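All of these numbers come straight from a predicted model, not from anything done at the bench.
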Amino acid sequence: MSKVYSTALDETLEIGRIIDHLKGEKEGPTVVFFAGIHGNEPAGIFALKHVMRELKLQQRSILGEVYAIAGNLRALEKNVRFLDEDLNRIWSPEKVKHIQQKKEGLKGDENELFELHELLSEILKKSASPLYFIDLHTTSSETSPFVVLNDSLLNRKFASNYPLPIVLGIEEYLEGALLSFINELGYVSLGYESGQHDEVSAIKNCIDFIHFTLGLTESVNLSKSEQTILKSMVLKSGKVSNKFYEIYYQYNIEKGSDFKMLPGFVNFQKIPNGRDVAMDNYCILKAKGNRQIFMPLYQNQGSEGFYYIRSIPTMLLWASKGLRKLKADHLLVKFPGIKWESLKKDAMLVDQRVARFLAKSIFHLLGYRARQLDKTHLVVKSREIASKNEEYLNTDWF
């Protein structure tokens, strides 16, 4: 058992890996909530504990199963983001395989991954579909709540039911995130950022979001009026337009750098050209052009200084959907400099010296994420191939 303290509530909880687990008498979906993947983000832990207790007290009928899972127990107890390595950056297939094989002599955060992976494997083996995975987070800066996800049409369709800003493309910048690992298994998975780490509102927003999710997934029978009220509460929690955004730039902090975000920035804030943004090794970083800042770093741990985002036009979202359904990506390998990198035809190798005409945005449109392999080559991987669409066909939201 681990003790988790909330500055916002001035309260301590004692929890295990499974905060709680509810199983209904009738068949239904399996909904898995993760909280505290970062140890300095206890809001989700307290929100989940509250909701699970509330469901029991109200004797709500549960369909299927609901899991509330604690992430980095050791880091939560110490109220630090992580111990040795960021637990939300080591879920690459290669790293997971290495940790599974090693088993002994693991570092603190590797131990956490090993235990979480064992539990996740057990859930996938025993639990009924459809499965949903929700990762609850908070931010170091002030923020309006938002949803973040890997850009698959399945994820998009589910997430569009939330009256919140939806941010796409983070998986292109964050390697080894838990949700990317799960999404590549084909399941609906999304992250929810409820507010600033130590704000009471972050816990309240999270509680409303969890309740709304349980209604949306049909894990709990809610009346139309109850779901409408919850949707209104989720909507009112935000101050930013509930549309789709994409990340197109990340400022990466080099190891050993002395990085400091300048004070006063909040998520989704629009900043003018030339505005001072941060200092890195005593050099001032300025905005080059009019920008919209996202997740500015106001904590000691972490290697992502800040991001820039932009809204995605609705027409572009529709075009993307149509092209993906038509499998237009298969035409790309007809062009010089592009070939399949995988026998499953879910990844391409792009020689940028030959295929100069193809920008990353084209691959994004067709459902691929891009990684720089070397100075001249990109590996682009499909975010659609793995999606288990058939498991969600009979849901009301699909």
Is there a salt bridge (charged side-chain N to carboxylate O under 4.0 Å, His left out) between Asp351 and Arg353 once you walk through the steps?
CA-CA 5 Å; Asp351 187 335; Arg353 294 168 299 182; 3.0 Å; yes
Go through the steps to decide whether His38 and Gln301 satisfy the test side chain to side chain donor-acceptor pair (under 3.5 Å), and finish with yes or no.
CA-CA 10 Å; His38 290 136; Gln301 290 178 304; over 6 Å; no
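Judged purely by atom type and a 3.5 angstrom limit, Ser180 has no side-chain atom pairing as donor or acceptor with the backbone of Gly176. In this structure, the side chain of Glu172 does not engage the main chain of Gly169 through any donor-acceptor pair within 3.5 Å. When atom types are taken as modelled, the side chain of Asp86 and the backbone of Asn88 share a donor-acceptor pair closer than 3.5 angstrom. Without hydrogens or angle criteria, Asn183 side chain to Leu179 main chain gives no donor-acceptor distance under 3.5 Å. Of the possible donor and acceptor atoms, none in the side chain of Ser387 sits under 3.5 Å from a partner among the backbone N and O of Asn389. Not one N or O on the side chain of Ser257 forms a donor-acceptor pair closer than 3.5 Å with the backbone of Phe259. Put simply, the side chain of Glu112 gets close to the backbone of Leu73: a donor and an acceptor are under 3.5 Å apart. In this structure, the side chain of Ser194 does not engage the main chain of Cys206 through any donor-acceptor pair within 3.5 Å. Asp346 places no side-chain N or O within donor-acceptor distance of the main-chain N or O of Lys381, the cut-off being under 3.5 Å.
Inter-residue side-chain proximity for Leu116 and Leu87 is flagged as met; some heavy-atom pair is nearer than 4.5 Å. Asn155 has its side chain out of reach of Leu190: every pair of non-hydrogen atoms, C-beta onward, lies at least 4.5 Å apart. No side-chain heavy atom of Val380 sits under 4.5 Å from any side-chain heavy atom of Glu341. Proximity of Asn40 to Ser140: side-chain heavy atoms (C-beta onward) are nowhere separated by under 4.5 Å. Residues Val188 and Trp397 meet the side-chain proximity criterion, which asks for heavy atoms closer than 4.5 Å.
Val148 and Phe33 sit in two unconnected hydrophobic clusters of ILVMFWY residues. Membership requires side-chain heavy atoms under 4.5 Å apart, directly or through other members. Connection of Leu153 to Phe398 is not established within any shared hydrophobic cluster, with ILVMFWY side chains joined at heavy-atom distances below 4.5 Å, either directly or through further cluster members. The cluster map of Ile, Leu, Val, Met, Phe, Trp and Tyr, joined by side-chain heavy atoms under 4.5 Å apart, puts Val379 and Leu174 in different clusters. A continuous path of ILVMFWY side-chain contacts below 4.5 Å connects Leu22 to Tyr132, so both sit in one hydrophobic cluster. Both Ile62 and Val32 are part of a single hydrophobic cluster, where members link through side-chain heavy atoms under 4.5 Å apart.
Within the structure, ring pair (Phe, Tyr, Trp, His ring centres under 6.0 Å) pairs that include any residue of residues 100-121 comprise His117-Phe181 (at least two apart or interchain). Judged as a salt bridge (Lys or Arg N to Asp or Glu O under 4.0 Å), the pairs with a partner in residues 191-210 (not counting sequence neighbours) are, in order, Lys204-Asp208. Residues in residues 363-383 take part in no ring pair (Phe, Tyr, Trp, His ring centres under 6.0 Å) pair, two or more places apart or across chains. Applying the salt bridge (Lys or Arg N to Asp or Glu O under 4.0 Å) test to pairs two or more places apart or on separate chains, none has a residue in residues 252-264. Within the structure, salt bridge (Lys or Arg N to Asp or Glu O under 4.0 Å) contacts touching residues 25-50 (residues at least two apart or in different chains) are Glu41-Arg81. Each salt bridge (Lys or Arg N to Asp or Glu O under 4.0 Å) pair with one or both residues in residues 133-159, not counting sequence neighbours, appears once here: Asp151-Arg156, Asp151-Arg324.
For the atom pair CZ (Arg60) and CG (Leu55), the distance works out to 7.5 Å, reported to the nearest 0.5 Å.
Partners of Glu122 by salt bridge (charged side-chain N to carboxylate O under 4.0 Å, His left out), not counting sequence neighbours, listed by chain and number: Lys126. In this structure Glu171 satisfies the salt bridge (charged side-chain N to carboxylate O under 4.0 Å, His left out) test together with Arg383, sequence neighbours excluded. Qualifying ring-ring contact (aromatic ring centres under 6.0 Å, His included) partners for Tyr298, counting only residues two or more places apart in sequence or in other chains: none. Residues satisfying the ring-ring contact (aromatic ring centres under 6.0 Å, His included) test with Phe212, not counting sequence neighbours, are Tyr162.
Counting only N and O atoms by type, the side chains of Glu54 and His211 include a donor and acceptor under 3.5 Å apart. If you check the side chains of Asp10 and Tyr5, you find a donor sitting under 3.5 Å from an acceptor.
The aromatic ring centres of Phe268 and Phe146 sit less than 6.0 Å apart. In this structure, Tyr392 has its ring center at least 6.0 angstrom away from the ring center of Phe158.
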Extract all donor-acceptor atom pairs below 3.5 Å that involve side chains of residues 272-280 and protein atoms in other chains or at least two apart in sequence.
{"from": "Asn273", "atom 1": "OD1", "to": "Gly289", "atom 2": "N", "distance (Å)": "2.7"}
{"from": "Asp276", "atom 1": "OD1", "to": "Lys286", "atom 2": "NZ", "distance (Å)": "2.6"}
{"from": "Asp280", "atom 1": "OD2", "to": "Tyr251", "atom 2": "OH", "distance (Å)": "2.5"}

If you look only at distance, which donor and acceptor atoms sit under 3.5 Å apart when one is on a side chain in residues 306-313 and the other is two or more places apart or in another chain?
{"from": "Tyr307", "atom 1": "OH", "to": "Gln250", "atom 2": "NE2", "distance (Å)": "3.2"}
{"from": "Arg310", "atom 1": "NE", "to": "Glu246", "atom 2": "OE2", "distance (Å)": "2.9"}

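Remark: Arg74 engages Glu115 in a salt bridge, criterion side-chain N to carboxylate O under 4.0 Å.
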